[in-house]
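To start, the structure under review is shown below, and the notes come after it.
The chains referred to below are lettered A, B, ... by the order of the sequence lines, with proteins before strands, and numbering in each begins at 1. All values below were derived from every heavy atom in this structure, side-chain atoms included, with hydrogens, water molecules and symmetry-related copies excluded. These numbers were taken from a predicted model, which means no experiment stands behind them.
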Amino acid sequence: MRVATWNVNSVRQRVPRLLPWLDERRPDVVCLQELKVTREAFTDLLGAELTARGYEFAVHGQAQWNGVAILSTVGLDDVQAGLPDEPGFPAPADDPEARAVSASCGGVRVHSVYVPNGRTPGSDHYRYKLAWLAALKAAVAAGPEAALVCGDMNVAPADADVFDPAAFVGQTHVTAPERAALAGLESVGLRDVVRDHWPDSRVFTYWDYRAGMFHQDRGMRIDLILASAPVAARVRAAWVDRKARKGTAPSDHAPVIVDLDEAPDGDIGPVVPPPSARPAKN
DNA sequence: ATGTCTGTAGTATACAGA
């Protein structure tokens with residue numbers, strides 16, 4: 001099963017890139033962020049094209065900003081828009097921003113998330129970001145054992161995940177509270193599978209449009225695929241599709257792609273029989 | 001040096017968010 005996540009920075013603008021990319025990479029499950037359209041507009045734009053390619057889709061959208069989706073060829077069950085007890089901005093929000101959608105796809109609980117940017121450390125928006133990450137952790141902790149959290153985390157997990165750590169001191173995306181909030185997701189069992197597979201490599205997923213940042217590979221790794229233990233154990237490949245950042249009218253983010261081995265039959269993860277069922281040794 | 005791209009309002013160009 002191939003799973004991908006991509007912040008498309010307006011799906012309306014990215015249709016000419018998204019459809020050829022689906023045809024080339026053939027992901028079974030796709031998490032999209034920053035749709036910047038309503039569900040109705042998404043369906044009008046892409047419904048027929050996605051259906052023709054065998055995808056079901058779940059969209060949590062809004063006009064103008066945010067918006068997340070999951071596309072799947074391997075089932076799309078128990079769709080949930082938003083997070084339980086999701087904070088809003090400005091708080092309290094009677095109409096939370098469209099930043100999370102989850103569904104069960106091929107036996108895995110998949111979350112497509114667009115974490116708030118945070119803007120400036122110490123700001124209201126920064127506090128909202130930390131509260132939002134706490135709500136995401138709670139949602140994952142309360143969910144099934146087999147889980148994937150995919151999306152734009154708007155946090156660089158470590159200094160190796162930004163092109164120049166000195167340039168980011170005091171900026172959002174790298175502060176200790178943000179990294180602690182991300183580590184909170186690891187404390188409920190999630191693994192950063194791209195970093196696990198490329199422990200010493202320069203790997204970025206986002207490059208500012210300005211000043212030739214992509215050309216100079218001055219980027220950040222803020223789009224992550226986080227997997228719970230039974231899913232992380234199935235990861236066969238994990239990589240950033242930099243080709244999608246090149247060419248005409250790209251998003252400023254590249255897709256992240258993970259290939260999973262088939263799940264073991266019958267259950268997830270290794271099955272340890274009860275002591276009474278174990279053959280006696282010698 | 002604040003460089004680009006996006007959506008909105010509204011019809012030319014300014015603003016805000018990232």
Side-chain angles (χ1 to χ4, degrees), chain A residues 5-19 21 31-46 59-69 87-91 93 95-100 112-133 136 150-157 161-164 166-175 178 181-182 204-224 240 242-256:
Chain A
T5 185
W6 193 7
N7 178 326
V8 293
N9 187 14
S10 173
V11 75
R12 189 185 304 280
Q13 297 302 319
R14 221 59 64 207
V15 168
R17 298 298 303 256
L18 177 60
L19 292 174
W21 176 81
C31 296
L32 300 174
Q33 301 87 37
E34 279 209 85
L35 304 176
K36 299 186 178 180
V37 293
T38 62
R39 178 189 289 115
E40 293 72 23
F42 182 96
T43 302
D44 289 346
L45 272 171
L46 283 166
V59 180
H60 184 29
Q62 65 182 85
Q64 187 171 8
W65 304 119
N66 310 309
V68 288
F89 184 85
D95 187 18
E97 297 180 312
R99 293 184 176 274
S112 178
V113 303
Y114 176 47
V115 175
N117 174 284
R119 301 183 191 172
T120 306
S123 66
D124 287 348
H125 203 269
Y126 179 85
R127 282 184 283 277
Y128 166 54
K129 178 181 195 174
L130 297 178
W132 201 92
L133 282 164
L136 175 60
C150 306
D152 180 354
M153 306 304 296
N154 268 318
V155 180
D161 298 309
V162 298
F163 69 88
D164 180 4
F168 284 89
V169 172
Q171 304 285 321
T172 186
H173 294 57
V174 304
T175 65
E178 289 165 276
L182 190 62
F204 299 139
T205 65
Y206 162 82
W207 302 259
D208 198 296
Y209 284 122
R210 293 170 286 191
M213 298 286 268
F214 179 70
H215 183 67
Q216 300 167 68
D217 198 27
R218 294 162 63 87
M220 308 174 75
R221 192 173 70 92
I222 55 177
D223 301 271
L224 307 180
V240 176
R242 289 173 50 93
K243 181 179 165 189
R245 182 61 177 80
K246 303 177 183 178
T248 303
S251 171
D252 42 2
H253 297 250
V256 183

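A distance of 12.5 Å separates OG1 in A:T205 from CH2 in A:W6, rounded to the nearest 0.5 Å. Atoms CG and OG, on A:D152 and A:S251 in that order, are 9.0 Å from each other to the nearest 0.5 Å.
Side chain of A:R99, nearest nucleotide from B:dT8, B:dA18, B:dG3: B:dA18. Taking the side chain of A:R14 as heavy atoms from C-beta on, and the options B:dA18, B:dC5, B:dG7, the nearest nucleotide is B:dC5. For A:H125, the side-chain atoms get nearest to B:dA18 when compared with the rest of B:dG3, B:dC5, B:dA18. When the nucleotides B:dG3, B:dA18, B:dC5 are ranked by their closest atom to the side chain of A:R119, B:dA18 comes out on top.
Using a 4.0 Å cut-off between a side-chain N of Lys or Arg and a carboxylate O of Asp or Glu, A:R242 and A:D217 qualify as a salt bridge.
Screening A:F204, A:Y206, A:Y209, A:W207 against A:H253 for a ring pair (Phe, Tyr, Trp, His ring centres under 6.0 Å) leaves a single residue, A:Y206.
Nucleotides B:dA16 and B:dG10 are separated by 15 Å at their P atoms, to the nearest Å. Distance check on atom P: B:dT13 versus B:dA1 gives 29 Å, rounded to whole Å.
One atom, CG of A:L35, and another, C1' of B:dG17, lie 16 Å apart when rounded to the nearest Å. Taking atom NE2 of A:H215 as the reference point, atom P of B:dG3 lies 20 Å away to the nearest angstrom. If you take CD of A:Q33 and P of B:dT6, they are 17 Å apart, rounded to a whole angstrom. Per the geometry, CD belonging to A:E34 stands 18 Å off P belonging to B:dA16, to the nearest Å.
When the nearest nucleotides of DNA chain B are assigned to A:P250 and A:W65 by heavy-atom distance, the more 5′-ward of the two goes with A:P250. Judged by closest nucleotide on DNA chain B, A:A211 is the one of A:R12 and A:A211 placed further toward the 5' end.
In terms of phosphate contacts, A:Q64 brings no side-chain nitrogen or oxygen within less than 4.0 Å of OP1 or OP2 of B:dT6.
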